[in-house]
Amino acid sequence: MGITIDNQIEKDNVAEITVTTMNEDEAYKLCVKADALRLANMFQESIPKYLRSIFNKRDNADAYYGLALSYKALKNYDKAIETLEKALSCVQDDFSIYYELGICHLLNGTPCPAIKCLIKSIQLNPENLNAQVQLALAHELVGEQEMALMIYQRIIEVAPDFLKAYKHKAALLMSLDQYKDASTVFNNILKVKPTYAKALLGIGICFDKLKRSVDAMRYYKKFIEQKPESSHAPFVENRLFKLKNSRPKERRFSLVTNPMNA
């Protein structure tokens with residue numbers, strides 16, 4: 001019995017499916033190995049495995065994503081951006097890809113495209129507070145401080161325990177010389193986390209800038225009591241010394257005999 005054309009087509013289809021399955025299986029295994037290397041901070045070693053995984057499966061979004069993270073860790077941001085864009089050509093609705101693309105643009109000094117990517121990431125996952133903080137930072141970099149402050153405040157209202165928003169808002173206010181408002185934000189941090197010593201340091205610096213030396217010294221001392229081994233301790237001790245010596249000294253009065261009674 002001869003082999004018919006239909007039988008040959010069926011065999012060819014089976015062969016093609018088998019090869020594809022083997023390639024996809026190999027691609028998955030290589031991607032898993034590459035991920036393990038990357039998570040072990042072996043970024044350079046992970047790259048060849050990611051590339052081989054992509055060779056076996058050209059639409060392997062996970063491999064593109066992992067490869068981009070390795071490039072990012074190696075500070076090759078151009079390559080990371082290029083690779084993440086390839087990942088988006090495979091998967092268009094993954095918020096984490098847009099998030100990492102936004103971060104890489106920020107690290108690469110291109111905040112405008114970062115804003116677009118981070119907005120898309122937030123649209124896909126509104127609960128990602130880190131993406132919202134990074135979006136605010138991107139607005140800071142393009143000189144839109146009011147927009148950044150609005151975003152930080154909105155995060156604080158939605159997630160009052162999310163300290164990162166408080167810290168960035170306070171830092172931005174200080175950079176704008178709005179020390180009174182910044183001190184209020186630092187005080188709010190202490191309400192959320194009373195043991196956060198850097199908030200004490202922040203309040204001390206704000207009062208120092210506002211020429212309220214007595215209050216500044218009080219908070220500097222509190223910071224030193226909590227963090228005597230901090231890298232900021234030399235600065236704080238130096239400021240305490242200068243503020244103490246700059247205060248007007250008390251006048252001493254001596255008793256003098258009244259000459260009329262002498």
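We use all heavy atoms of the structure for the numbers below, so side chains are in, but hydrogens, waters and symmetry mates are not.
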Q: From N108 CG over to I81 CD1, what is the distance, rounded to the nearest 0.5 angstrom?
A: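 N108 CG to I81 CD1: 4.5 Å, rounded to 0.5 Å.
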Q: Looking at every heavy atom in both N60 and C90, which two are closest together, and how far apart are they?
A: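 What the structure gives for the nearest pair is N-SG, 4.4 Å.
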Q: When rounded to the nearest 0.5 angstrom, what distance separates CG in L141 from CD in Q134?
A: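 The CG atom of L141 sits 9.5 Å away from the CD atom of Q134.
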Q: What about V192 and V158, same hydrophobic cluster or not, with Ile/Leu/Val/Met/Phe/Trp/Tyr joined at side-chain heavy-atom distances under 4.5 Å?
A: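 In one cluster with V192: V158, no.
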Q: Looking only at heavy atoms, which two atoms of L37 and E45 are closest? And how far apart?
A: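 In this case the closest contact between L37 and E45 is CD1-O, 3.6 Å.
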Q: So, the side chain of Y64 versus the backbone of R58: is there a donor-acceptor pair under 3.5 Å, distance only?
A: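 Indeed, once roles are kept as given, a pair shorter than 3.5 Å links the two residues.
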Q: In the structure I gave you, are the side-chain heavy atoms of E26 and R52 within less than 4.5 Å of one another anywhere?
A: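 When only atoms from C-beta onward are counted, R52 and E26 do touch, with a gap below 4.5 Å.
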Q: Is the shortest heavy-atom distance from the side chain of V185 to the side chain of D181 under 4.5 Å?
A: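 Answer no - side chains too far apart.
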Q: Would you give the length of the straight line joining atom NZ of K79 to atom CG of L84, rounded to the nearest 0.5 angstrom?
A: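 Spacing of NZ (K79) from CG (L84) equals 12.5 Å.
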Q: Parallel, tilted or perpendicular: which fits the ring planes of F207 and Y219, with parallel below 30° and perpendicular above 60°?
A: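 Because their plane-to-plane angle lies in the 30° to 60° range, the rings of F207 and Y219 count as tilted.
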Q: Does the Y50 side chain pair with the main chain of Y65, one donor and one acceptor, at a distance under 3.5 Å?
A: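 Checking the backbone N and O of Y65 against the side chain of Y50, no donor-acceptor pair under 3.5 Å is found.
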Q: Decide if atom CZ of F55 counts as having more than 12 heavy atoms of other residues, nucleotides or ligands within a radius under 6.0 Å.
A: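 Result for CZ/F55: open.
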Q: Quick test of your reading of the model: are D59 and K57 salt-bridged, counting only N-O distances below 4.0 Å?
A: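 A salt bridge links D59 with K57.
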Q: What's the separation between atom CG in L135 and atom CG in N128, rounded to the nearest 0.5 Å?
A: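 CG of N128 is found 11.0 Å from CG of L135.
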Q: Should L88 and I115 be regarded as members of a common hydrophobic cluster, given that ILVMFWY residues are connected when their side-chain heavy atoms come within less than 4.5 Å of each other, either directly or indirectly?
A: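 Shared cluster, no.
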Q: Can you name the residues that form a salt bridge (charged side-chain N to carboxylate O under 4.0 Å, His left out) with K167, not counting sequence neighbours?
A: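 Salt bridge (charged side-chain N to carboxylate O under 4.0 Å, His left out) check on K167 returns nothing, list empty.
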Q: Does a side-chain heavy-atom distance below 4.5 Å link Y220 with D215?
A: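 Heavy-atom side-chain distance check fails, nothing below 4.5 Å.
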Q: Does T184 reach the main-chain N or O of K180 with its side chain, forming a donor-acceptor pair under 3.5 Å?
A: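 Judged by distance alone, yes, a pair lies under 3.5 Å.
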Q: Using the rule that Ile, Leu, Val, Met, Phe, Trp and Tyr join whenever any side-chain heavy atoms are under 4.5 Å apart, tell me whether L129 and L172 fall into a single cluster.
A: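 Per the 4.5 Å side-chain linkage, L129 and L172 are co-clustered.
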Q: According to a hydrophobic-cluster definition based on side-chain heavy atoms being under 4.5 Å apart (Ile, Leu, Val, Met, Phe, Trp, Tyr only), do Y152 and V142 belong together?
A: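 Looking at the clustering, V142 is in the same group as Y152.
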Q: Quick check: closest heavy atoms across S183 and I203, and the distance to 0.1 Å?
A: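 Shortest heavy-atom separation between S183 and I203 comes out as O-CG1, 4.1 Å.
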Q: Could you tell me which non-hydrogen atom of A114 sits nearest to which non-hydrogen atom of G102, and how far apart they are?
A: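 In terms of heavy atoms, the two residues are closest at CB-O, 3.4 Å.
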Q: Could you check whether any side-chain N or O of Q178 sits under 3.5 Å from a backbone N or O of M174, counting only pairs where one atom can act as donor and the other as acceptor?
A: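 Side chain of Q178 to backbone of M174, a donor-acceptor pair under 3.5 Å: no, none is there.
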Q: Flag the pair H139 / Q145 as yes when at least one side-chain heavy-atom distance between them is below 4.5 Å, and no otherwise.
A: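 In short, these two side chains do not touch, never coming nearer than 4.5 Å.
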Q: Could you grab the distance from atom CG of L149 to atom CD of E144, nearest 0.5 Å is fine?
A: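 Reported to 0.5 Å precision, the distance equals 12.0 Å.
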Q: State, yes or no, whether a side-chain contact exists between C31 and D35 at a heavy-atom distance under 4.5 Å.
A: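 The answer is yes, as the side chains (C-beta and beyond) meet within the 4.5 Å cut-off.
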Q: With side chain to side chain contact (heavy atoms under 4.5 Å, CB included) as the criterion, how do L30 and L51 come out once you've worked through the C-alpha distance, each side chain's angles and the decisive distance to 0.1 Å?
A: CA-CA 9 Å; L30 285 166; L51 291 173; over 6 Å; no
Q: Is the closest basic N to carboxylate O distance between E82 and K86 below 4.0 Å?
A: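 Looking at K86 together with E82, the answer is yes, because their closest N to O distance falls below 4.0 Å.
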Q: Could you report the tightest heavy-atom contact between C104 and Y77, atom names first, then the distance?
A: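 Scanning both residues completely, I find the closest heavy atoms to be O-CB, 4.2 Å.
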Q: After noting the C-alpha distance and the side-chain angles of T195 and L190, does the key distance pass the side chain to side chain contact (heavy atoms under 4.5 Å, CB included) rule?
A: CA-CA 7 Å; T195 58; L190 291 174; over 6 Å; no
Q: Under the side chain to side chain contact (heavy atoms under 4.5 Å, CB included) rule, what do L200 and F186 come out as? Steps first, then yes or no, please.
A: CA-CA 7 Å; L200 297 172; F186 282 123; over 6 Å; no
Q: Is it the case that over 12 heavy atoms from other parts of the model lie below 6.0 angstrom from the CD atom of E146?
A: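 Atom CD in E146 is not packed in, count stays at 12 or less.
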Q: Checking S121 side chain against F95 main chain: does a donor-acceptor pair fall under 3.5 Å?
A: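 Side chain of S121 to backbone of F95, a donor-acceptor pair under 3.5 Å: yes, one is there.
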Q: Got a second to check how far K227's NZ is from Y196's OH, nearest 0.5 Å?
A: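 Rounded to the nearest 0.5 Å, the NZ-OH separation comes out at 10.0 Å.
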Q: Is a side-chain donor or acceptor of D208 paired with a backbone partner of G204 at a separation under 3.5 angstrom?
A: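 Checked: no pair found.
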Q: Are L107 and L67 connected into the same hydrophobic cluster when the rule is that any two of I, L, V, M, F, W, Y join if their side-chain heavy atoms are below 4.5 Å apart?
A: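 They do not share one cluster, since no chain of ILVMFWY contacts under 4.5 Å joins L67 to L107.
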Q: Where do R38 and S46 come nearest, in terms of heavy atoms and distance?
A: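 Distance-wise, the nearest heavy atoms are N-CB, 4.0 Å.
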Q: Below 4.5 Å, heavy atoms only, C-beta onward: do L118 and Y99 meet side chain to side chain?
A: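 In contact.
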Q: How would you list, by chain and number, every residue that makes a side-chain contact (heavy atoms from CB on, under 4.5 Å) with C117, sequence neighbours excluded?
A: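 Result, side-chain contact (heavy atoms from CB on, under 4.5 Å) vs C117: L101, H105.
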Q: Can you check side chain to side chain contact (heavy atoms under 4.5 Å, CB included) on N130 and F162, steps first, answer last?
A: CA-CA 10 Å; N130 284 316; F162 192 65; 3.6 Å; yes
Q: Flag the pair Y28 / S53 as yes when at least one side-chain heavy-atom distance between them is below 4.5 Å, and no otherwise.
A: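 With C-beta onward as the side chain, the pair stays apart.
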Q: List the steps and the verdict of side-chain hydrogen bond (donor to acceptor under 3.5 Å, both in side chains) for Y179 and D177.
A: CA-CA 6 Å; Y179 298 109; D177 296 335; 3.1 Å; yes
Q: Can you sort out the partners of R154 under side chain to side chain donor-acceptor pair (under 3.5 Å), two or more places apart, ordered by chain and number?
A: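 For R154, no residue satisfies side chain to side chain donor-acceptor pair (under 3.5 Å) once neighbours in sequence are set aside.
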